[in-house]
Undergrad: 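Questions regarding the structure given below will be posed in turn.
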Amino acid sequence: MRVGVPTEIKRHEYRVGLTPTAVREYRVSGHEVIVQKGAGGGIGADDAEYVRAGARIVDTADEIFATADMVVKVKEPQPSEWIKLREEQILFTYLHLAPDPEQTKGLLNSGCTAVAYETVADENGGLPLLAPMSEVAGRLSIEAAATAMKRCNGGRGLLLGGVPGVKPARVTILGGGIVGTHAARMAVGLGAEVTILDRSIPRLRQLDELFSGRARTLFSTAESLESEVLDSDVVIGAVLVPGASAPRLVTREMLKAMRRGAVLVDVAIDQGGCFETSRATSHDEPTYEVDGIVHYCVANMPGAVPLTSSYALNNATLPVGLALAAGGIEAILGNRLLRSGLNIHKGRLTCSPVAESLNLPFLPPEQALAA
Ligand SMILES: NC(=O)c1ccc[n+]([C@@H]2O[C@H](COP(=O)([O-])OP(=O)(O)OC[C@H]3O[C@@H](n4cnc5c(N)ncnc54)[C@H](O)[C@@H]3O)[C@@H](O)[C@H]2O)c1
């Protein structure tokens with residue numbers, strides 16, 4: 001199969017669909033790989049590195065879309081890319097179609113077969129192609145908090161770990177899933193005083209074992225949450241209720257009783273945010289203040305570290321992408337990961353939550369692929 005990697009064109013997107021390491025794996029498996037000139041620039045991988053990995057460099061995205069059997073990207077295709085996609089062509093990337101009727105229409109009209117990273121589900125319902133970005137965002141959330149906590153950035157002027165003789169900052173993490181766990185690891189590593197709240201007792205047990213007393217765990221109730229938040233220097237929002245908007249756990253009223261210059265990092269902003277006062281921000285201007293509390297609400301946090309993020313993403317996407325490249329569209333039905341990832345096939349919507357959100361007709365993957 002010919003696999004094509006265009007340069008990402010979304011603003012501030014520096015990641016790349018295939019790293020040189022992944023290109024080499026595709027080549028070893030017998031596939032041809034074409035990469036758009038400069039596609040790896042954002043991760044410091046130049047064209048020569050791609051050529052060494054076995055890719056052929058092409059000048060334009062047009063050549064990729066016109067000749068590749070499978071296009072591998074990171075972000076959802078932009079309008080100028082929808083029109084280049086073709087029937088019989090496979091698109092493998094993040095799509096996030098549920099809130100995006102325009103893109104959905106564009107992909108349906110193209111006739112392509114689109115497998116979305118974010119809906120690829122394993123046998124336990126886990127989302128293996130989303131997990132690496134949660135790991136990155138969780139770790140980054142503490143770096144973001146440390147920066148925002150500096151006085152010159154509006155924060156209280158606290159060093160997260162303190163110094164001998166001066167107490168460290170109190171970090172409260174709402175949600176002890178992937179983001180929350182990785183945030184806690186960073187905060188504990190820096191010497192902060194860390195508390196993790198979650199509503200899942202099994203998860204709290206795992207966290208208790210994992211941190212061996214270096215982070216406190218608390219069952220999340222309205223009362224425990226409010227008392228921890230009011231006593232915090234940093235609050236990380238990392239909750240997720242699958243398929244739903246994030247619950248608004250920290251109200252505007254609570255901000256008034258918090259310490260001036262405390263920092264809220266809402267990682268769950270991509271699901272609407274778990275603080276009442278959250279609104280999505282970008283890497284250009286990541287923070288703003290409400291009632292003297294600094295808010296960091298960047299919706300695509302992993303984009304800040306494209307090198308780490310691209311490699312972490314490729315580690316997760318590689319086996320799934322290789323299975324898709326090996327078997328083509330015919331492989332989708334027999335492969336649970338690919339089947340759950342199939343969102344669109346030849347003008348039909350095959351992902352029921354997306355169809356429900358957009359009020360569009362849904363056809364199960366089995367029927368769409370058989371048609
Ligand atoms: N901003 C970004 O760039 C970025 C990047 C990656 C992930 N995210 C988002 O971060 C959020 C967390 O992702 P994740 O992978 O850690 O999810 P996860 O499912 O692994 O963890 C979520 C945790 O929240 C807990 N939870 C649910 N309701 C709760 C409540 N009321 N109180 C306390 N805990 C509660 C769940 O029990 C679970 O343990 C998601 O919204 C995800 O989309 C954002």
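Atoms within each ligand, like the ligands themselves, are counted from 1 in listed order. Below, all heavy atoms of this structure are taken into account, side chains as well, without hydrogens, waters or symmetry copies. Residue indices begin at 1 and follow the sequence shown. Because the structure is a prediction, the values reported are computed rather than measured.
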Undergrad: Based purely on interatomic distance, does L249 place a nitrogen or oxygen under 3.5 Å from a nitrogen or oxygen of ligand 1?
TA: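 No; the residue has no nitrogen or oxygen that sits under 3.5 Å from a nitrogen or oxygen of the ligand.
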
Undergrad: Please could you name the atoms of ligand 1 that D270 approaches to less than 4.0 Å, counting only its heavy atoms?
TA: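 Near D270, meaning under 4.0 Å from one of its heavy atoms, ligand 1 has 8 (N), 9 (C), 41 (O), 42 (C), 43 (O), 44 (C).
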
Undergrad: Should the proximity of V298 to ligand 1, defined as any heavy atom under 4.0 Å, be assigned to the side chain, the backbone, both, or neither?
TA: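 For V298, the contact with ligand 1 is made by the backbone alone.
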
Undergrad: Decide yes or no on side chain to side chain contact (heavy atoms under 4.5 Å, CB included) for Y50 and R52, but give the supporting numbers first.
TA: CA-CA 5 Å; Y50 276 99; R52 280 197 297 280; over 6 Å; no

Undergrad: Looking at R339, I'd like to know if its CZ atom is crowded, meaning that more than 12 non-hydrogen atoms belonging to other residues, nucleotides or ligands lie closer than 6.0 Å.
TA: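 Yes.
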
Undergrad: Counting heavy atoms only, which of R199, R248, Q206 is nearest atom 31 (N) of ligand 1?
TA: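 Heavy atom nearest to atom 31 (N) of ligand 1 belongs to R199.
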
Undergrad: Kindly confirm or rule out an N or O of L240 lying under 3.5 angstrom from an N or O of ligand 1.
TA: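 N/O-N/O distance below 3.5 Å exists for this pair.
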
Undergrad: Please step through side chain to side chain contact (heavy atoms under 4.5 Å, CB included) for the pair Q206 and E209, ending with a clear verdict.
TA: CA-CA 5 Å; Q206 287 170 344; E209 291 252 320; 5.8 Å; no

Undergrad: Does any N/O atom on R203 come nearer than 3.5 Å to any N/O atom on ligand 1?
TA: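 R203 vs ligand 1: no N/O contact under 3.5 Å.
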
Undergrad: Between M70 and F92, is any pair of side-chain heavy atoms under 4.5 Å apart?
TA: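 A side-chain contact exists here, since the closest heavy-atom pair is under 4.5 Å.
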
Undergrad: Among L337, T317, L127, find the residue that satisfies the side chain to side chain contact (heavy atoms under 4.5 Å, CB included) test when tested with V120.
TA: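 Answer after filtering L337, T317, L127: L337.
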
Undergrad: Using a strict cut-off of 4.0 Å, indicate which atoms of ligand 1 neighbour a heavy atom of N300.
TA: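 Those qualifying, in numeric order: 3 (O).
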
Undergrad: Side chain of R185, backbone of G189: donor and acceptor closer than 3.5 Å?
TA: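 The answer is no, because no donor-acceptor pair under 3.5 Å joins these two groups.
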
Undergrad: May I ask you to check if ligand 1 and S134 share an N or O to N or O distance below 3.5 Å?
TA: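 Yes: some nitrogen or oxygen of S134 is under 3.5 Å from one in ligand 1.
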
Undergrad: Got more than 12 heavy atoms from elsewhere within 6.0 Å of CZ, R214?
TA: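 No - once you tally the heavy atoms of other residues, nucleotides and ligands closer than 6.0 Å, there are 12 at most.
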
Undergrad: Please confirm whether the backbone N or O of W82 pairs with a side-chain atom of S110, one donor and one acceptor, at under 3.5 Å?
TA: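 The answer is no, because no donor-acceptor pair under 3.5 Å joins these two groups.
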
Undergrad: Below 3.5 Å, N or O to N or O, backbone or side chain included: is there any such pair between V241 and ligand 1?
TA: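 No - when backbone and side-chain N and O of V241 are compared with those of ligand 1, no distance drops under 3.5 Å.
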
Undergrad: Mind checking whether G180 has an N or O less than 3.5 Å away from an N or O of ligand 1?
TA: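 By distance alone, the answer is no.
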
Undergrad: Does ligand 1 have any atom that is closer than 4.0 Å to a heavy atom of L174?
TA: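 It does not, in that no heavy atom of L174 comes within the 4.0 Å cut-off of ligand 1.
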
Undergrad: For atom 21 (O) of ligand 1, which candidate among A268, G177, A222 provides the closest heavy atom?
TA: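 Nearest option to atom 21 (O) of ligand 1, by heavy atoms: G177.
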
Undergrad: State the atoms of ligand 1, each with its element, that fall below the 4.0 Å cut-off from a heavy-atom position in L197.
TA: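 Within the 4.0 Å cut-off of L197, ligand 1 contributes 33 (C), 34 (N).
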
Undergrad: Any nitrogen or oxygen of V179, main chain or side chain, under 3.5 Å from a nitrogen or oxygen of ligand 1?
TA: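 Yes; at least one N/O pair falls below 3.5 Å.
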
Undergrad: If we only count heavy atoms from C-beta on, is the P365 to L342 side-chain gap below 4.5 Å?
TA: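 Heavy-atom side-chain distance check passes, below 4.5 Å.
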
Undergrad: Quick one: which ligand 1 atoms are inside 4.0 Å of a heavy atom on G175?
TA: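 Within the 4.0 Å cut-off of G175, ligand 1 contributes 24 (O), 34 (N).
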
Undergrad: Which atoms from ligand 1 have a heavy atom of S220 less than 4.0 Å away?
TA: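 In order of number, 32 (N), 33 (C).
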
Undergrad: Quick one: are F362 and L349 in side-chain contact, heavy atoms under 4.5 Å?
TA: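 No - every pair of side-chain heavy atoms lies 4.5 Å or more apart.
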
Undergrad: Examine R279 relative to Y288 and say whether NZ or CZ is less than 6.0 Å from the centre of the six-membered ring and inside a 45° cone about the ring axis.
TA: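 That pair qualifies as a cation-pi contact.
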
Undergrad: With heavy atoms of A137 as the reference, note each atom of ligand 1 found under 4.0 Å away.
TA: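 Once the distances to A137 are compared, the set is 4 (C), 5 (C), 6 (C).
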
Undergrad: Mark up the atoms of ligand 1 that fall under 4.0 Å of a heavy atom belonging to P302, in ascending order.
TA: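 Numbered from 1, ligand 1 contributes 3 (O).
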
Undergrad: Applying a strict 4.0 Å limit to heavy atoms, is A246 in contact with ligand 1?
TA: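 A246: no contact with ligand 1 (<4.0 Å).
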
Undergrad: Cluster question for you: counting only ILVMFWY and a side-chain heavy-atom cut-off of under 4.5 Å, with indirect links fine, are V239 and M254 together?
TA: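 The answer is yes; both residues are in one hydrophobic cluster.
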
Undergrad: When you measure from the heavy atoms of L225 to every atom of ligand 1, does any distance fall below 4.0 Å?
TA: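 L225: no contact with ligand 1 (<4.0 Å).
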
Undergrad: Do any nitrogen or oxygen atoms of Q271 come within less than 3.5 Å of a nitrogen or oxygen of ligand 1?
TA: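 No, no N or O pair falls under 3.5 Å.
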
Undergrad: For ligand 1, is there an N or O atom under 3.5 Å from any N or O atom of P247?
TA: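 Between P247 and ligand 1, no N or O pair is found under 3.5 Å apart.
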
Undergrad: Answer yes or no: is there a donor N or O on one side and an acceptor on the other, between the side chain of E49 and the main chain of P20, under 3.5 Å?
TA: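 Between the backbone of P20 and the side chain of E49 there is no qualifying donor-acceptor contact (under 3.5 Å).
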
